[in-house]
Asker: 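So that we are looking at the same thing, I have put the structure below in structure tokens.
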There are 2 protein chains.
Amino acid sequence: MAESPRRPRPEPRYGTRPTMKDVAARAGVGLKTVSRVVNGEPGVTPDTERRVQEAIEALGFRRNDSARVLRKGRTASIGLVIEDLADPFYGPLNRAVEEVARSHGALLINGSSAEDPEREQELVLALCARRVDGLIVVPAGHDHRYLEPEIKAGVATVFVDRPAGRIEADTVLSDSFGGSRDGTAHLVAHGHRRIGFIGDQSTIHTAAERLRGYRAAMADAGLVIEPGWISLGTTDPDRVREAVVTMLDAPDPVTAIFAGNNRVTVTAVRVLAGRSRSVALVGFDDIELADLLDPGVTVVAQDAAALGRTAAERLFHRLDGAAEAPSRVVLPTRLITRGSGELTPSD
Amino acid sequence: MAESPRRPRPEPRYGTRPTMKDVAARAGVGLKTVSRVVNGEPGVTPDTERRVQEAIEALGFRRNDSARVLRKGRTASIGLVIEDLADPFYGPLNRAVEEVARSHGALLINGSSAEDPEREQELVLALCARRVDGLIVVPAGHDHRYLEPEIKAGVATVFVDRPAGRIEADTVLSDSFGGSRDGTAHLVAHGHRRIGFIGDQSTIHTAAERLRGYRAAMADAGLVIEPGWISLGTTDPDRVREAVVTMLDAPDPVTAIFAGNNRVTVTAVRVLAGRSRSVALVGFDDIELADLLDPGVTVVAQDAAALGRTAAERLFHRLDGAAEAPSRVVLPTRLITRGSGELTPSD
DNA sequence: TAGGCCCTGGACAACGTTGTCAGGTGAATG
DNA sequence: CATTCACCTGACAACGTTGTCCAGGGCCTA
């Protein structure tokens, strides 16, 4: 074990980990033999293996995967960038991605973009610098050309929940347009003619699609959307509350509201609960306990776990070498009727 | 730029990334100069810097952090192991940890233990092999001696939500005992004498603590707990449903139920909603929309985000070199009264 | 004009691992 | 007894980066 003369390595210091070299020295074998034992490669006598195992045990050795990654090129990790880790909608998606990753022996690195395109890019590029094998992104921005060199370099990328901007890539979406159209049509079917739409910021693809679905359903029913019936903006409770109140206090108020996502629905339910006049409501995204409210909240449910699972499977399919053209999968939504959408107009 | 004669590097192949060497060659400068530019180190003429930047741009170079990590020793990443990424309780915790990590320039790698000690260990050790700088763990197991070599080697570790087993380590908890005692006392204060407790598996520390709190409150009130009033087990809805039904259909049924966590509360609410006789309920953990149910669900709320934030701050404090003895922080809980705990016994 | 200093740039080793390849030992065979 | 062969084992280079150290050139001063 000749050491560099300039920097002799004395006792293993606190905070310094033993390496294969240390294990090899202690076991009295070569470096490569340790590597073989650690990786379960064949060609090691049981006796040698035992000696190595003992040395590993005694030193508390654990392979340094950073070095391994450097050597092998693959990191066995994937990155997931979503909007907000704390949003209950993304929990199941996150978990589903993790399960698929786990079944492929990969770890999951994740972060929140907080709906900020710059933060999204920063995060994505940091993940690329870590050389994640693949990326699953819920995009916040609308221009993903910054990813082109990465994708060309071999970073598999799948967009989920919303499509990529100005770039071709695998995408997995829910049918926002169809779901929203069906949800709105449901209100129409129950006699509503004056229906409001409260959604997320119009720059967000799903928000725009849901608005489009609402418009389509209204048009199908031959209804003209009056000014003041559409409100888009952040899902901040104050903003949404004001939007609801404004619609209901108008001289000629709406009799039903379509809520563009789970955050909006929650606030809308809260505002409506404080009002005497009953207003019909259908929300996009299912929410917990929706069935126990009075009336139960009718929703257009999407399957967040299926979104995550499908995206992750697509990703690993790519990592296994699939070289087909980018695909776009659209998962269906499901209307769950619970009462709030079945109220008939009272005026 | 003498290349190894055996492996000449032709055109950069698809799937192969340019390195600093490539950038240096293209810019006509030395390797270290590229490194200096990439890391914003001083000592580079503006003109040289410009040439290097152009080469970086042209080649689509991105620093390989794996190599950097290997050289520097620190990975600027931390690991978070929780029970279930999809559980709404852990969403805010996860997000809070992420925010703190982000403010320290670190990435977050995370995974679910699924309440399986073996899976927890597997995950934790995989993170150690990645050489995460630190770990935040919601433990599933009760023996963490396997972490000793890692901690000795310098992996900062903080346990959150539940304490570590057979090992000294920083810990951040909610006051499960106190919260549960207060919640139960609240039911007693409203006239209840026959109070059931439905909780998670008794091997889980928080579950045991909450049970202890319930027992303490009952004892304080001079009440004897009768057989059948305590039910512990998984939070599987079927299991919980049966537990509730059994308690309520007993010859001498309970008049109030204390639910040990959010999963239990949700199921309990659902069962109670289908019954005519009113039963009081207090749940541990706040749940969304609890205020809108009829009656509103009284809960003992813990601050999941504060748990995560406190743990992460503790972790980075350690990483900054703090060498104090392991600390234990217990965060208070808060009783939020909404009606369901204020029902008085009907019999 | 000579001496010395500062500033820029580059050669080189090292981080810990794995792939390649060659050497060495023992048993089986002619 | 010599030879072949299979099987272990280890030396060495390479992965891409950063820290150390030295060389050379320009500029200021005496």
Side-chain angles (χ1 to χ4, degrees), chain A residues 1-9 12 15-25 27-52 56 59 61-76 128-131 153, chain B residues 1-9 12 15-25 27-52 56 59 61-76 128-131 153:
Chain A
M1 287 279 319
E3 287 281 346
S4 146
R6 199 181 296 154
R7 194 186 38 72
R9 183 185 301 172
T16 282
R17 309 208 54 145
T19 71
M20 286 193 177
K21 208 165 147 185
D22 301 323
V23 174
V29 303
L31 186 53
K32 180 65 205 195
T33 300
V34 177
S35 171
R36 272 193 272 262
V37 171
V38 169
N39 294 295
E41 287 171 27
V44 181
T45 345
D47 182 57
T48 309
E49 171 159 2
R50 193 184 41 71
R51 286 217 315 287
V52 172
I56 289 177
L59 295 174
F61 167 81
R62 187 165 312 286
R63 182 179 63 200
N64 184 332
D65 275 355
S66 294
R68 173 170 227 253
V69 157
L70 177 58
R71 188 61 232 253
K72 305 204 72 151
R74 280 232 171 162
T75 57
C128 289
R130 294 295 168 109
R131 296 291 188 271
Chain B
M1 286 284 313
E3 287 283 347
S4 146
R6 199 180 298 156
R7 195 186 37 72
R9 185 184 299 173
T16 283
R17 308 205 58 140
T19 71
M20 285 193 178
K21 206 164 148 187
D22 301 323
V23 174
V29 303
L31 187 52
K32 181 65 205 197
T33 300
V34 176
S35 171
R36 272 194 271 263
V37 171
V38 169
N39 295 296
E41 287 171 27
V44 181
T45 357
D47 182 54
T48 308
E49 172 159 0
R50 193 183 42 70
R51 286 216 316 286
V52 172
I56 288 178
L59 295 174
F61 168 80
R62 186 164 316 283
R63 181 179 62 198
N64 185 331
D65 274 353
S66 293
R68 174 169 225 252
V69 157
L70 178 59
R71 187 62 231 254
K72 306 205 72 152
R74 280 230 172 164
T75 57
C128 289
R130 294 295 168 108
R131 295 292 187 271

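As a basis for the values below, the full set of heavy atoms in this structure was taken, side chains included, without hydrogen atoms, waters or symmetry mates. Note on naming: letters A, B, ... go to the chains in the order of the sequence lines (proteins, then strands), and numbering restarts at 1 for each one.
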Asker: Quick one: does A:Lys21 reach the base of C:dG16 with a side-chain donor-acceptor pair under 3.5 Å?
Answerer: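 For A:Lys21, whose side chain was compared with the base of C:dG16, there is no donor-acceptor pair (under 3.5 Å).
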Asker: Pick base, sugar-phosphate or nothing for B:Val38, based on heavy-atom distances below 4.0 Å to the nucleic acid.
Answerer: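 Nothing, no nucleic acid heavy atom in range.
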Asker: Which residue, B:Thr45 or A:Leu31, contacts DNA chain C at a nucleotide closer to its 5' end, judged by nearest heavy atom?
Answerer: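 Mapping each residue to its closest nucleotide by heavy atoms, the 5'-most match is B:Thr45.
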Asker: Mind checking if A:Asp65 touches a base, just sugar-phosphate, or nothing, with heavy atoms under 4.0 Å?
Answerer: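 Contact class for A:Asp65: none.
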Asker: Measure NZ/A:Lys72 against P/C:dT20 and give the value in whole Å, please.
Answerer: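 Whole-Å distance recorded here is 10 Å.
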Asker: Calculate the interatomic distance between A:Arg74 atom CZ and C:dT18 atom C1'; express it in whole Å.
Answerer: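 The answer, rounded to whole Å, is 17 Å.
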Asker: Could you tell me how far apart B:Ile56 (CD1) and D:dG16 (C1') are, to the nearest whole angstrom?
Answerer: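 Result: 14 Å.
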Asker: May I have the distance from B:Arg68 (atom CZ) to D:dC15 (atom C1'), rounded to whole angstrom?
Answerer: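 That distance rounds to 17 Å.
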Asker: How long is the line joining CZ of B:Arg71 and P of C:dG16, in whole Å?
Answerer: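 Spelled out: CZ on B:Arg71 to P on C:dG16 is 10 Å.
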Asker: Rounded to whole angstroms, how far apart are CG on B:Leu70 and P on C:dT18?
Answerer: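 Taking atom P of C:dT18 as the reference, CG of B:Leu70 is at 12 Å.
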Asker: Heavy atoms only, 4.0 Å cut-off, all strands: where does A:Thr48 land among base, sugar-phosphate and nothing?
Answerer: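 Contact class for A:Thr48: sugar-phosphate only.
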Asker: Side chain of B:Lys32: nearest nucleotide among C:dG19, D:dT17, C:dG10?
Answerer: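 Between C:dG19, D:dT17, C:dG10, the one nearest the side chain of B:Lys32 would be C:dG10.
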Asker: Measure from the side chain of A:Thr33, starting at C-beta and using heavy atoms only, and say which of C:dC15, D:dT9, C:dT18 lies closest.
Answerer: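 Selected nucleotide: D:dT9.
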Asker: Nearest heavy-atom pair of A:Val29 and A:Arg51: which atoms, and what distance?
Answerer: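 That closest heavy-atom pairing would be CG1-NH2, 3.4 Å.
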Asker: Are OP1 or OP2 of C:dT18 and a side-chain N or O of A:Asn39 less than 4.0 angstrom apart?
Answerer: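 Checking C:dT18 against A:Asn39, a side-chain N or O does come within under 4.0 Å of OP1 or OP2.
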Asker: Counting C-beta onward and ignoring hydrogens, is there a side-chain heavy-atom pair between A:Ser35 and A:Lys32 closer than 4.5 Å?
Answerer: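 A:Ser35 reaches A:Lys32 side chain to side chain.
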Asker: Round to a whole Å and report the spacing from CE of A:Met20 to P of D:dA13.
Answerer: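 About 19 Å, once rounded to whole Å.
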Asker: Classify the nucleic acid contact of B:Val69 as base, sugar-phosphate or nothing, counting any heavy atom under 4.0 Å across all strands shown.
Answerer: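 Touches nothing.
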Asker: C:dG9 P sits how many Å from B:Glu41 CD, rounded?
Answerer: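 Answer to the nearest Å: 13 Å.
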Asker: With sequence neighbours excluded, tell me which residues meet salt bridge (Lys or Arg N to Asp or Glu O under 4.0 Å) with B:Arg50.
Answerer: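 For B:Arg50, the residues satisfying salt bridge (Lys or Arg N to Asp or Glu O under 4.0 Å) (neighbours in sequence not counted) are B:Asp47, B:Glu54.
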Asker: Got a list of side-chain donor-acceptor pairs under 3.5 Å for residues 63-71 of chain B, not counting sequence neighbours?
Answerer:
{"residue": "B:Arg63", "atom": "NE", "partner": "B:Asp65", "partner atom": "OD1", "Å": "3.2"}
{"residue": "B:Arg63", "atom": "NH1", "partner": "B:Asn39", "partner atom": "OD1", "Å": "2.5"}
{"residue": "B:Asn64", "atom": "OD1", "partner": "B:Ser66", "partner atom": "N", "Å": "2.8"}
{"residue": "B:Asn64", "atom": "OD1", "partner": "B:Ala67", "partner atom": "N", "Å": "3.4"}
{"residue": "B:Arg68", "atom": "NH2", "partner": "B:Asn39", "partner atom": "OD1", "Å": "3.2"}

Asker: Think B:Ser35 has a side-chain N or O under 4.0 angstrom from the OP1 or OP2 of D:dT17?
Answerer: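 For D:dT17, neither OP1 nor OP2 has a side-chain N or O of B:Ser35 closer than 4.0 Å.
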Asker: Does a distance-only test, which skips hydrogens and angles, find a donor-acceptor pair under 3.5 Å between the side chain of A:Arg36 and the base of D:dG10?
Answerer: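 In this structure, the two groups form a donor-acceptor pair.
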Asker: Closer to the 5' end of DNA chain C via nearest nucleotide, is it B:Pro46 or B:Arg131?
Answerer: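 Checking each residue's closest nucleotide, the 5'-ward one belongs to B:Pro46.
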Asker: Testing the basics here: between A:Phe61 and A:Val38, what is the closest heavy-atom pair and its distance to 0.1 Å?
Answerer: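 Reported closest heavy-atom pair: CE2-CG2, 3.9 Å.
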